[in-house]
Engineer: 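Below is the structure I would like to discuss, written out as structure tokens.
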Amino acid sequence: MKYLYRLYQLVVVLPVLLVCSILTSVITIVGCFFGNGHFWGYYPGKWWGRIVTVLFLLPVKVQGREHLRKGESYVFVSNHQGAFDIFLIYGFLNRNFKWMMKRSLRKMPFVGQACEAAHHIFVDKRGPSKVKETYDRARDTLREGMSLVVFPEGARTFTGHMGVFRRGAFMLADELQLPVVPLTINGSFQVMPRMRDGHFVCWHPLTLTIHAPIYPTGKGVEYEKQVMEKSYEVIMADLEPAFQGFVANPDQ
């Protein structure tokens, strides 16, 4: 069965995925140029995420959507198990948002240009002024009423376990007094861990859990730290038992 699934990936998934990714990127770029960037920067990507999971025949379970209020902006923070985190959140969160992503992704053919056209936020760490520009753009996005999705670990795990959280997303939420929504992803590490980039996808169910928002109860470093620690605990508690517990990530 494993080899049949691999043959299916080569013969069916790979060509369809390539065409679908290019079309999605072009539609996003053209749509953002001529129309509403918030619409075209989200919906083509949303359907791309769903198509990818369907193509790979991966079952998806989403729980906790009832925690989100219509029209409210959130800072979503998620563990980062693997490449399929992107498709899972994009396709199934059902919330218009902007990503905060590594600057290196801008160089990806088509996808990088589409992300730039959609005004997703590339994290630039080349110096204090560049870091400030990154957070200024994120702040402006949130002030426009959009939501933001951040992987606070800053890098995919090598083990399935979570590393440390960085403060950036929590600083923004504290400054603008916005609720933070923890997201727990399970299954993505088994589908494609980063050590197997470029290899065959392994079949495994995916689960996205949307936890209750953590609303601000004050403002300042103390409250920011409390929200970060609570978010970490909530995400950790919902991970599969095999991946619970801190493991240092050398890429952080």
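Residue numbers count from 1 along this sequence. If you're wondering where the values come from, they're calculated on a predicted model, not measured in any experiment.
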Engineer: Tell me yes or no: between the side chains of H161 and Q244, is some donor less than 3.5 Å from an acceptor?
Structural biologist: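 Not at all, the side chains of H161 and Q244 share no donor-acceptor pair under 3.5 Å.
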Engineer: For a quick test of your reading: what N or O donor-acceptor pairs under 3.5 Å do the side chains of residues 180-188 make, sequence neighbours left out?
Structural biologist:
{"from": "T184", "atom 1": "OG1", "to": "H211", "atom 2": "NE2", "distance (Å)": "2.8"}
{"from": "T184", "atom 1": "OG1", "to": "I235", "atom 2": "O", "distance (Å)": "3.4"}
{"from": "N186", "atom 1": "OD1", "to": "E240", "atom 2": "N", "distance (Å)": "3.0"}
{"from": "N186", "atom 1": "ND2", "to": "D238", "atom 2": "O", "distance (Å)": "3.0"}
{"from": "S188", "atom 1": "OG", "to": "D85", "atom 2": "N", "distance (Å)": "3.4"}
{"from": "S188", "atom 1": "OG", "to": "D85", "atom 2": "OD1", "distance (Å)": "2.8"}

Engineer: What's in the same ILVMFWY side-chain cluster as V234, cut-off under 4.5 Å, chained through other members?
Structural biologist: none
Engineer: With ILVMFWY side chains joined below 4.5 Å, transitively, what does V54's cluster contain besides itself?
Structural biologist: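 For V54, no cluster forms, as it stays isolated from other hydrophobic side chains.
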Engineer: Only one of Y42, Y90, F122 clears ring pair (Phe, Tyr, Trp, His ring centres under 6.0 Å) with W99; which?
Structural biologist: Y90
Engineer: When R95 is tested against each of K46, R65, E72 for side chain to side chain contact (heavy atoms under 4.5 Å, CB included), which residue passes?
Structural biologist: E72
Engineer: Just jot down the salt bridge (Lys or Arg N to Asp or Glu O under 4.0 Å) partners of E175, sequence neighbours excluded, or say none.
Structural biologist: R139, R143
Engineer: Taking transitive links into account, so neighbours of neighbours count too, which hydrophobic residues share a cluster with V30 at under 4.5 Å side-chain distance?
Structural biologist: L18, I22, V26, F33, F34, F110
Engineer: Taking ring pair (Phe, Tyr, Trp, His ring centres under 6.0 Å) as the cut-off, I'd like each qualifying pair that reaches into residues 214-233, sequence neighbours left out, listed once.
Structural biologist: F165-Y232
Engineer: Partners of S21 by side-chain contact (heavy atoms from CB on, under 4.5 Å), sequence neighbours excluded?
Structural biologist: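 By the side-chain contact (heavy atoms from CB on, under 4.5 Å) rule, S21 matches L17, W48.
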Engineer: Give every residue pair that meets the side chain to side chain donor-acceptor pair (under 3.5 Å) criterion with at least one member in residues 1-16, sequence neighbours excluded.
Structural biologist: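 The answer is none; no pair qualifies.
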Engineer: Looking at F200, W203, F84, which hits ring pair (Phe, Tyr, Trp, His ring centres under 6.0 Å) with F56?
Structural biologist: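 For F56, the ring pair (Phe, Tyr, Trp, His ring centres under 6.0 Å) test succeeds with only one of F200, W203, F84, which is F84.
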Engineer: Using the test salt bridge (Lys or Arg N to Asp or Glu O under 4.0 Å), find all partners of D251 that sit at least two apart in sequence or belong to another chain.
Structural biologist: K102, R194
Engineer: Which residues satisfy the salt bridge (Lys or Arg N to Asp or Glu O under 4.0 Å) test with R166, sequence neighbours excluded?
Structural biologist: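 Scan of R166 (salt bridge (Lys or Arg N to Asp or Glu O under 4.0 Å), adjacent residues dropped) gives none.
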Engineer: Other members of the hydrophobic cluster containing F158, with the 4.5 Å side-chain heavy-atom rule, please.
Structural biologist: F189, M195, F243
Engineer: Applying the 4.5 Å side-chain criterion to the ILVMFWY set and letting contacts propagate, would L14 and M192 be lumped into a single cluster?
Structural biologist: no
Engineer: Keeping Q177 on the side-chain end and D174 on the backbone end, is there a donor-acceptor pair under 3.5 Å?
Structural biologist: yes
Engineer: Applying salt bridge (Lys or Arg N to Asp or Glu O under 4.0 Å), name anything that partners R167, two or more places apart in sequence or on another chain.
Structural biologist: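 Partners of R167 under the salt bridge (Lys or Arg N to Asp or Glu O under 4.0 Å) test: E224.
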